[in-house]
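The structure appears right after this line, and notes come after that.
On a predicted model such as this, the values are computed, not experimentally measured, just so you know.
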Amino acid sequence: MATLNKSVPLSAYTTFSRAEWSKLSHSTIEILSADEREKLGSINETISADEVADIYLPLSQLLYMHMTQSVQLHENVSTFLQKKTKKVPFVIGVAGSVSVGKSTTARLIQALASRWPNQPKVDLVTTDGFLYPNSILEERGLMKRKGFPESYDIGKLIRFLYELKSGCAYIEAPMYSHLTYDILEDTVQKVIEPDVVIVEGINVLQVNKKDRRIPQVFVSDFFDFSIYVDAEEENIRSWYIERFKLLRNTAFQQSESFFHRYRHLNDAEAFAFANDVWATINGINLEKNIRPTRHRADLILKKGMEHRVEEVHLKKM
């Protein structure tokens, strides 16, 4: 009888170095043009051709494999049950900290998935739209805990996902403005018969531990594949501060910006303010609520300096 070697660390994941992961793709065609990559990037994150080729192209091919297997399984089960049912969307969850680059990852996946051989209709929904409006957060004393689990209308998000996985042809998702820092009351995202839906947000792998009004159904229960974008906290904190300083000179200059009052901060003041926000809000949320969900992801993208993915961890099957 074989015995367990306790000296060998156990892991639910297979780890790939950047070089190992990049070899998994056999395509040498430039999938995204320089203009496309620029549009998909963010204010402090540029996307290189190497990042697309080495990291996101193999990831896209893996996701396509999962999606096609899902379609085949649906067809096989329908045949077995002798009952034809509509195939529901393939749903991909993307989680990670504020400023880690999960939104950029989600947009890249959307762009590449749209180019899959079956040319699927791919929608991207962010959970920011499921935050409670500022008026409710202020009433409940939660403005300084925005982004924490209690600041989201999880019931509303669960209902949206139920409708999505029930095959509803038309669903509306609430939308959020990062300029006004609030829900857009009269604007919705129309999700119409998608083949693939990417759900991106800091909370998509979290569980509903404290709200007894919500059944023990989790957002991730609706995912066919989930991704966690990871990095050392010091790097994420640095990216957050740098983004704040860049926004101070751009979006904050607009009178309708929630942060318009901070437009005149000098570099030292901007650094001090952003660093304090990280220490008292975002850093705490990361350690208490976001990073503990990392092990629930099917795949982890581990970033190093300059948002460059250094390792990929894929959950074993």
Side-chain angles (χ1 to χ4, degrees), residues 9 11-13 15-18 21 41-48 51 55-56 59 93-108 126-128 131 142-152 178 181 200-207 209 219-220 226-248 259 262 265 267-315:
S11 175
Y13 293 88
T15 297
F16 298 83
S17 68
R18 183 185 179 93
W21 184 257
S42 63
I43 190 170
N44 66 329
E45 182 181 4
T46 56
I47 304 166
S48 68
E51 198 72 5
I55 303 300
Y56 290 99
L59 174 56
V94 180
S97 171
V98 169
S99 294
V100 79
K102 64 187 178 302
S103 297
T104 301
T105 291
R107 290 193 296 269
L108 275 166
T126 72
T127 63
D128 290 341
L131 283 160
L142 294 174
M143 279 300 287
K144 290 189 176 181
R145 292 181 68 80
K146 199 167 189 178
F148 282 67
E150 60 268 31
S151 66
Y152 289 90
H178 287 277
Y181 200 57
E200 175 262 310
I202 63 176
N203 62 327
V204 298
L205 295 177
Q206 293 172 16
V207 296
K209 292 181 179 179
V219 172
S220 58
S226 57
I227 299 165
Y228 184 93
V229 185
D230 195 21
E232 296 299 328
E233 182 176 354
E234 184 56 33
N235 284 336
I236 306 174
R237 183 187 70 89
S238 175
W239 297 334
Y240 174 78
I241 293 171
E242 183 61 25
R243 186 176 72 174
F244 182 88
K245 290 164 68 176
L246 290 169
L247 289 171
R248 171 201 54 177
F259 296 99
Y262 302 117
L265 295 180
D267 282 352
E269 292 169 335
F271 176 89
F273 179 83
N275 191 54
D276 181 66
V277 170
W278 182 267
T280 58
I281 300 176
N282 293 329
I284 295 173
N285 197 18
L286 171 61
E287 292 308 312
K288 290 187 177 297
N289 301 309
I290 303 171
R291 182 162 283 160
T293 70
R294 176 176 53 185
H295 71 282
R296 305 188 73 233
D298 294 306
L299 181 139
I300 301 169
L301 296 174
K302 182 63 182 290
K303 290 185 172 183
M305 300 296 290
E306 298 179 355
H307 286 277
R308 184 177 171 87
V309 174
E310 296 180 338
E311 289 182 345
V312 177
H313 304 270
L314 179 64
K315 187 167 283 186

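- Aromatic ring pairs are classed by plane angle as parallel below 30°, tilted from 30° to 60° and perpendicular above 60°; the pair Trp239 and His307 is parallel.
- Checking His178 against Asp128 by side-chain atom types alone, a donor-acceptor pair falls below 3.5 Å.
- Here the closest heavy-atom approach between residue Ile202 and residue Gly96 is recorded as CG2-O, 3.1 Å.
- In this structure, Arg296 and Ser220 approach most closely via the heavy-atom pair NH1-OG, 2.9 Å.
- Residue Asn282 holds its CG atom at 7.5 Å from CZ of Phe148, rounded to the nearest 0.5 Å.
- The environment of Glu232 atom CD is sparse: at most 12 non-hydrogen atoms of other residues, nucleotides or ligands sit within 6.0 angstrom.
- Using a 4.5 Å cut-off on side-chain heavy atoms (C-beta onward), Gln206 and Val219 make no contact.
- The closest side-chain heavy-atom distance from Asn285 to Pro149 is below 4.5 Å.
- Atom-to-atom distance recorded for Lys302:NZ and Arg294:CZ is 7.0 Å, nearest 0.5 angstrom.
- Residues Glu200 and Ile227 form no side-chain contact, since every pair of their non-hydrogen atoms from C-beta on lies 4.5 Å or further apart.
- The two atoms that bring Arg243 and Asn44 nearest to each other are CB-ND2, 3.7 Å, heavy atoms only.
- Taking 4.5 Å as the limit, every side-chain heavy atom of Phe259 sits out of range of all side-chain heavy atoms of Leu247.
- In this structure, Glu269 places its CD atom where more than 12 heavy-atom neighbours from other residues, nucleotides or ligands lie under 6.0 Å away.
- To the nearest 0.5 angstrom, Ile290 atom CD1 is 10.5 Å from Leu205 atom CG.
- Taking all atoms of both residues into account, the shortest heavy-atom contact from Asn235 to Met305 is OD1-SD, 3.2 Å.
- Screening Val204, Thr293, Asp298 for a side chain to side chain contact (heavy atoms under 4.5 Å, CB included) involving Ser226 leaves a single residue, Asp298.
- Within the 4.5 Å cutoff, no side-chain heavy atoms of Arg291 are placed close to those of Ser97.
- Interatomic distance, Tyr56 OH to Leu108 CG, rounded to the nearest 0.5 Å: 5.5 Å.
- For Thr105 against Val94, the heavy-atom pair with the smallest separation is CG2-CG1, 4.3 Å.
- Considering CG of Asp230 and CD of Glu310, their distance stands at 11.0 Å, rounded to 0.5 Å.
- Side-chain contact between Phe271 and Leu265: absent, with no pair of heavy atoms (C-beta onward) separated by less than 4.5 Å.
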| said: With side-chain contact (heavy atoms from CB on, under 4.5 Å) as the criterion, how do Ile241 and Phe244 come out once you've worked through the C-alpha distance, each side chain's angles and the decisive distance to 0.1 Å? | reply: CA-CA 5 Å; Ile241 293 171; Phe244 182 88; 5.6 Å; no
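- Salt bridge present: Lys303 and Glu45 bring a charged side-chain N and a carboxylate O closer than 4.0 Å.
- Atom NZ of Lys102 sits about 9.5 Å away from atom OG1 of Thr126, to the nearest 0.5 Å.
- Nearest heavy-atom pair across Ala231 and Ile236 is O-CD1, 3.6 Å.
- Between Tyr240 and Val98, some side-chain heavy-atom pair lies under the 4.5 Å cut-off.
- Note on ring orientation: taking the six-membered ring where Trp is involved, the planes of Tyr262 and Phe273 are tilted (angle from 30° to 60°).
- The side-chain heavy atoms of Leu301 and Trp21, taken from C-beta on, include no pair separated by under 4.5 Å.
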